[in-house]
Amino acid sequence: MFDQLKQDIQVVFNRDPAARNVLEVVLTYSGLHAIWFYRIAHWFWNKKLYTLARIISQFARFLTGIEIHPGAKIGKGLFIDHGMGVVIGETCEIGDNVTIYQNVTLGGTGKEKGKRHPTIGNNVLIATGAKVLGSMKIGDNSKIGAGSVVLQEVPPNSTVVGIPGRIVIQDGKRVCDDLDHVNLPDPVADMLLKMQQEIDQLKRQVEELQEGKKENEHTTV
């Protein structure tokens, strides 16, 4: 147990240049606290003491702002930086040496049964505000950009950005050369634009019909 605690603390020093000393890390890093509470809750979950496990996880959520379901499976070396708003679902599986930033959601897409949360590979980085939803896998050594919404499987060694998430780099090679980092895809705006175009077309058709009706009336008279 003490070896595990030491490893968790060392992970913070390895990935956060702001970490100054052990006492500061132990007392002030909420991501580290959330992981420690998770380990306790997960132990009770495996003993089928589900209610007690959920009580511990909810208490940890109250203290840290990070919600990790005790049923989730987490490997070694998880680092949650800042962490406020992070949500990790029940059937989520996280590999080794994963880094997660604040407001990240590893969640489901609805009320489906069984495996409904993502599987995160080894050495994956998930940036601020990213949402990874559904039962799919994020391959090893991949990066999920800030604010991205990932709904499909991501192969290893990939970088994903945008809404919905799309692969822009894979195996060190750029996949998409026309990515605009400022104006990322907006499906709602695209739909509204399409609707406006259809309305304009309908207006023109109505005007043409009205003009044709007036010409027929004049001809009859």
Side-chain angles (χ1 to χ4, degrees), residues 8 10-19 25 28-35 38 60-61 64-69 72-89 91-109 116-189:
D8 292 337
Q10 187 58 47
V11 166
V12 176
F13 283 104
N14 291 342
R15 295 190 221 167
D16 186 359
V25 169
T28 66
Y29 276 67
S30 58
L32 185 62
H33 302 157
I35 292 171
Y38 156 78
R61 177 176 178 267
T64 66
I66 300 169
E67 182 175 344
I68 306 177
H69 195 287
K73 298 178 181 178
I74 298 177
K76 299 178 181 178
L78 174 64
F79 176 51
I80 302 177
D81 196 8
H82 299 291
M84 178 62 71
V86 167
V87 177
I88 299 175
T91 61
C92 186
E93 299 178 26
I94 300 177
D96 297 335
N97 304 316
V98 172
T99 300
I100 296 175
Y101 288 89
Q102 65 268 24
N103 288 319
V104 165
T105 299
L106 306 179
T109 57
R116 58 191 185 277
H117 300 104
T119 297
I120 310 298
N122 301 320
N123 308 308
V124 172
L125 184 147
I126 307 177
T128 303
K131 313 300 177 186
V132 184
L133 307 176
S135 178
M136 104 288 279
K137 183 173 182 180
I138 306 298
D140 295 348
N141 309 308
S142 291
K143 298 178 181 179
I144 309 300
S148 301
V149 177
V150 182
L151 303 174
Q152 297 181 344
E153 187 162 317
V154 175
N157 308 306
S158 300
T159 298
V160 176
V161 300
I163 304 174
R166 56 177 177 169
I167 299 170
V168 294
I169 296 176
Q170 187 173 358
D171 295 324
K173 298 179 181 179
R174 182 169 292 279
V175 175
C176 177
D177 292 327
D178 62 348
L179 177 67
D180 185 344
H181 289 275
V182 176
N183 301 307
L184 292 175
D186 187 341
V188 175

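Side-chain atoms are counted along with the backbone in the values below, which use heavy atoms only and exclude waters and symmetry mates.
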Next item on the list: Over all heavy atoms of both residues, which pair between Ala127 and Ala146 is shortest? Give the atoms and the distance, please.
Entry: CB-N, 3.4 Å

Next item on the list: Examine distances only and state if a side-chain atom of Ser148 and a backbone atom of Ile144 form a donor-acceptor pair shorter than 3.5 Å.
Entry: no

Item checked: Distance (rounded to the nearest 0.5 Å) between Thr64 OG1 and Leu32 CG -> 11.0 Å

Show the atom names and distances, to 0.1 Å, of all donor-acceptor pairs under 3.5 Å that link a side chain in residues 72-89 to residues at least two apart or in another chain.
none

Notebook entry, point to check: Closest heavy-atom contact between Val124 and Gly139?
Noted result: CG2-O, 3.4 Å

Note to self: Let me confirm one number: the CG-OG distance from Asn157 to Ser142, rounded to the nearest 0.5 Å.
What the structure shows: 6.0 Å

Check: Counting only heavy atoms not in Arg61, do more than 12 fall under 6.0 Å of its CZ?
Finding: no

Item checked: Asn103 backbone acceptor or donor facing Lys131 side chain under 3.5 Å -> yes

Margin query: Around atom CD of Gln10, are there more than 12 heavy atoms from other residues, nucleotides or ligands closer than 6.0 Å?
Written below: yes

Notebook entry, point to check: Are side-chain heavy atoms of Ile138 and Val150 found at a separation under 4.5 Å?
Noted result: yes

Notebook entry, point to check: Would a 4.5 Å heavy-atom cut-off, applied to side chains only, mark Leu106 and Pro118 as touching?
Noted result: yes

Next item on the list: Could you grab the distance from atom OG of Ser135 to atom CD of Glu153, nearest 0.5 Å is fine?
Entry: 9.5 Å

Note to self: A side-chain contact here means heavy atoms from C-beta on lying under 4.5 Å apart; do Ile167 and Thr159 qualify?
What the structure shows: no

Notebook entry, point to check: Given Thr99 and Arg15, is the side chain to side chain contact (heavy atoms under 4.5 Å, CB included) satisfied, shown in steps?
Noted result: CA-CA 9 Å; Thr99 300; Arg15 295 190 221 167; 2.8 Å; yes

Item checked: Spacing of Leu125 atom CG and Ile120 atom CD1 [to the nearest 0.5 Å] -> 11.5 Å

Next item on the list: Quick one: closest heavy-atom pair of Tyr29 and Ala18, and the distance?
Entry: OH-C, 3.9 Å

Check: Does any N or O in the side chain of Asn122 come within less than 3.5 Å of the main-chain N or O of Asp96, such that one atom is a donor and the other an acceptor?
Finding: yes

Check: Per the side-chain contact (heavy atoms from CB on, under 4.5 Å) rule, which among Thr105, Val104, Ile94 passes with Ile126?
Finding: Val104

Item checked: Side-chain donor or acceptor of Thr91 paired with backbone N/O of His117 under 3.5 Å -> yes

Notebook entry, point to check: Which distance, rounded to the nearest 0.5 Å, do you find between the CD of Gln102 and the OG of Ser30?
Noted result: 10.0 Å

